[in-house]
Amino acid sequence: MSASRAVRRLVATGLAAGSLVAVAAMPASADDGHNRGRHHQSYKRVVLGSIQYNSPGRDDYSNRSLNGEWVEVTNTGYRPVNLNGWTLSDRDGNRYRFDYLRLAGRSTVRVHTGRGHDTRTNVYQDRRTDYIWSNYSDTATLRDDWGRTVDTKSWGRDRDHHNDWGRTVDTKSWGRDRDHHNDWGHRR
């Protein structure tokens, strides 16, 4: 075998081996981490904010009283998130579905129980006679358009971790006596 033929075989073998290594490594090197889970990461930026589960004043079932009950949904990221098809629900299965809402980066939308005209910062469930959130104990759950849970917040008696004052220690929960609990003690 001549020297030039041996060199050509070595070069061909080296190129083939290099090609195999490149093909095997391509999926890892093609994704530099900037796009990994981008769609799912946007969900991590959307969280439940403040919750007014007990409207101020008497529960007289007026639209004003119903709209005094609300949940805030906040986009903590810098990029907008399309909430079309997302849902907000309580423990009893009452569900609000977001339609045509693009939540801008670093912004909040407040979801009211009663009737009103939807804006970028306030949307309405259009309930006429029923409160959604229990004054005693409930859970708000935010789900994406695939039904995956994005965030939850709970409050009230059914929580396991209370301090001596009836306030929940968990930062995503509220105790019965905190925030806007009324003195009538009835469940809505």
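For the numbers below, each heavy atom of this structure counts, side chains included, while hydrogens, waters and symmetry mates do not.
Distance CG/Asp130 to CG/Asn94: 7.5 Å, rounded to 0.5 Å. Expressed to the nearest 0.5 Å, how far CH2 of Trp133 lies from OG1 of Thr139 amounts to 9.0 Å. In this structure, CG in Asn63 is found 9.0 Å from CG in Asp126, a value given to the nearest 0.5 Å. Separating the OH atom in Tyr61 from the OH atom in Tyr131 is a distance of 6.0 Å, to the nearest 0.5 Å. Atom-to-atom distance recorded for Tyr53:OH and Ser154:OG is 11.5 Å, nearest 0.5 angstrom. Summarising the geometry, atom CG belonging to Leu88 is positioned 6.5 Å from atom CG belonging to Leu48; distances are rounded to the nearest 0.5 Å.
No hydrogens or angles considered: a donor-acceptor pair under 3.5 Å links the side chains of Ser65 and Ser55.
No path of Ile, Leu, Val, Met, Phe, Trp and Tyr side chains, each step under 4.5 Å between heavy atoms, connects Val150 with Trp70, placing them in separate hydrophobic clusters.
Taking each heavy atom of Tyr100 and Asn84 in turn, the nearest pair found is N-OD1, 3.2 Å. Scanning both residues, Arg45 and Pro80, for their nearest heavy atoms gives NH2-O, 3.9 Å. Contact detail for Arg79 and Asn75: the closest heavy-atom pair is O-ND2, 2.8 Å.
At least one donor-acceptor pair closer than 3.5 Å links the side chain of Lys153 to the backbone N or O of Gly49. Remark: side-chain polar atoms of Arg91 are not paired, donor with acceptor, to backbone N or O of Thr141 under 3.5 angstrom.
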(message) As a quick check of understanding, evaluate side-chain contact (heavy atoms from CB on, under 4.5 Å) for Val73 and Trp86, giving each step before the final call.
(response) CA-CA 11 Å; Val73 177; Trp86 287 39; 5.9 Å; no
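Thr87 places none of its side-chain heavy atoms less than 4.5 Å from the side chain of Leu142. Residues Asp59 and Asn54 have side chains in contact (heavy-atom distance under 4.5 Å, counting atoms from C-beta outward).
Legend: residues meeting salt bridge (Lys or Arg N to Asp or Glu O under 4.0 Å) with Asp99, ordered by chain and number and at least two apart, are Arg97.
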Which atom pairs, donor and acceptor, lie under 3.5 Å between side-chain atoms of residues 102-119 and protein residues at least two apart or in another chain?
{"unit_1": "Arg106", "atom_1": "NH1", "unit_2": "Thr76", "atom_2": "O", "d": "2.7"}
{"unit_1": "Ser107", "atom_1": "OG", "unit_2": "Ala104", "atom_2": "N", "d": "3.3"}
{"unit_1": "Ser107", "atom_1": "OG", "unit_2": "Ala104", "atom_2": "O", "d": "2.5"}
{"unit_1": "Thr108", "atom_1": "OG1", "unit_2": "Thr74", "atom_2": "OG1", "d": "2.9"}
{"unit_1": "Arg110", "atom_1": "NE", "unit_2": "Glu72", "atom_2": "OE2", "d": "3.2"}
{"unit_1": "Arg110", "atom_1": "NH2", "unit_2": "Glu72", "atom_2": "OE2", "d": "2.7"}
{"unit_1": "His112", "atom_1": "ND1", "unit_2": "Asn67", "atom_2": "O", "d": "2.9"}
{"unit_1": "His112", "atom_1": "NE2", "unit_2": "Asn122", "atom_2": "OD1", "d": "2.8"}
{"unit_1": "Thr113", "atom_1": "OG1", "unit_2": "Glu69", "atom_2": "OE1", "d": "2.7"}
{"unit_1": "Asp118", "atom_1": "OD1", "unit_2": "Tyr124", "atom_2": "N", "d": "2.9"}
{"unit_1": "Thr119", "atom_1": "OG1", "unit_2": "Thr121", "atom_2": "N", "d": "3.2"}
{"unit_1": "Thr119", "atom_1": "OG1", "unit_2": "Thr121", "atom_2": "OG1", "d": "3.4"}
{"unit_1": "Thr119", "atom_1": "OG1", "unit_2": "Asn122", "atom_2": "N", "d": "3.0"}
{"unit_1": "Thr119", "atom_1": "OG1", "unit_2": "Asn122", "atom_2": "O", "d": "3.4"}

